[in-house]
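The structure under discussion appears below in the form of structure tokens.
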Amino acid sequence: MTTGQGESPHERAMYELLGQMVSMAAYLEMRLQMLAKCLVDTPYAAHWINGENSSRVIKLIGDVAKEHPAVSPSRLEELQVTLKECTILLNRRHGYVHGVWSVDGSNPAGSEAWQTMRFTRGNQAPTFAPLSIDDLADLIRGLDRALSLVMTWMVEHINHRVQTSVETSVGDSGEAPTERAPSE
């Protein structure tokens, strides 16, 4: 990589996609925090969920959903698939955000192969991963898809909770309770 950012059209395109990917990943992380707070359903949840790293939030969501009475086995399975996809996508994101971008010098001139290099916990040698416009675009599409899955699951969970609440508040006569003015 050159010392200046965006000196070539390829570099500019990479940085533009990087910005889009970082934005999409941030939206996904925020929605995961919202889902975690929705499942925990206490005003105190924000104290241990907001600002937490995504892997811990994903683990919390999975742990709470397993024990949550409103989460059926089929819904849990659906959520676990989505959380696994989120984990994979956010790990890919880490390579782009925390890795050093470089050009693989072992390729012949004119056929540069971009890559990221980073050290990961517990490994002596750095990890190298290919870096490409196509891969970044694919990652953005994957993050967008995961974001939609998380939001759909959360909305369905909220709707189920509301439906259950309405059903339990209906009296024996089958009529919905009427609103009453507060007593004075």
Hydrophobic clusters here meaning ILVMFWY residues chained together by side-chain heavy-atom distances under 4.5 Å, can you tell me if [X] and [Y] are in one?
X      : Y      : answer
Val97  : Val100 : no
Met24  : Tyr15  : yes
Leu143 : Leu147 : yes

Quick check: closest heavy atoms across [X] and [Y], and the distance to 0.1 Å?
X      : Y      : value
Arg118 : Gly99  : CB-CA, 3.8 Å
Ala25  : Leu90  : CB-CD2, 4.1 Å
Met14  : Leu131 : CE-CG, 3.1 Å
Ile133 : Ala13  : CD1-CB, 3.7 Å

Between atom [atom1] of [X] and atom [atom2] of [Y], what is the distance when rounded to the nearest 0.5 Å?
X      : Y      : atom1 : atom2 : result
Leu139 : Ile88  : CG    : CD1   : 11.5 Å
Met154 : Asn159 : CE    : CG    : 11.0 Å
Gln20  : Asp144 : CD    : CG    : 11.0 Å
Leu17  : Ile140 : CG    : CD1   : 4.5 Å

Next item on the list: State, yes or no, whether a side-chain contact exists between Trp114 and Glu11 at a heavy-atom distance under 4.5 Å.
Entry: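 A side-chain contact exists here, since the closest heavy-atom pair is under 4.5 Å.
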
Check: Can you tell if the side chain of Arg93 reaches within under 4.5 Å of the side chain of Leu28, non-hydrogen atoms only?
Finding: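 Not in contact.
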
Note to self: My understanding is that only residues two or more places apart in sequence, or in another chain, count here; which of them pass side-chain hydrogen bond (donor to acceptor under 3.5 Å, both in side chains) with Ser55?
What the structure shows: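 Applying side-chain hydrogen bond (donor to acceptor under 3.5 Å, both in side chains) to Ser55 gives Asn53.
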
Notebook entry, point to check: Please, which pairs that meet ring-ring contact (aromatic ring centres under 6.0 Å, His included) have at least one residue in residues 65-94, sequence neighbours excluded?
Noted result: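 Sorted result for residues 65-94: His68-His157, His94-His98.
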
Checklist line | Between Asp135 and Tyr96: side-chain donor-acceptor atoms closer than 3.5 Å | finding: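 The answer is yes; a qualifying pair exists.
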
For residues 30-48, dump all side-chain donor-acceptor pairs below 3.5 Å to protein atoms at least two apart in sequence or in another chain.
residue : atom : partner : partner atom : Å
Lys37   : NZ   : Asn50   : OD1          : 2.9
Thr42   : OG1  : Tyr44   : N            : 3.3

Checklist line | Met117: hydrophobic cluster co-members (side-chain, 4.5 Å) | finding: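 Met117 clusters with Phe119, Phe128.
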
Acceptor/donor pairs from residues 72-87 side chains to any protein atom, 3.5 angstrom cut, sequence neighbours excluded:
residue : atom : partner : partner atom : Å
Ser72   : OG   : Ser74   : OG           : 3.2
Ser72   : OG   : Arg75   : N            : 3.2
Arg75   : NH1  : Glu78   : OE2          : 3.4
Arg75   : NH1  : Glu156  : OE1          : 2.7
Arg75   : NH2  : Trp153  : O            : 3.0
Thr82   : OG1  : Glu78   : O            : 3.2
Thr87   : OG1  : Leu83   : O            : 3.0

Next item on the list: May I ask you to decide if Gly19's main-chain N or O and Ser23's side chain share a donor-acceptor pair within less than 3.5 Å?
Entry: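 No: the side chain of Ser23 does not pair with the backbone of Gly19.
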
Notebook entry, point to check: What residues, two or more places apart in sequence or in another chain, satisfy salt bridge (charged side-chain N to carboxylate O under 4.0 Å, His left out) together with Lys59?
Noted result: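 Listed in chain order: Asp63.
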
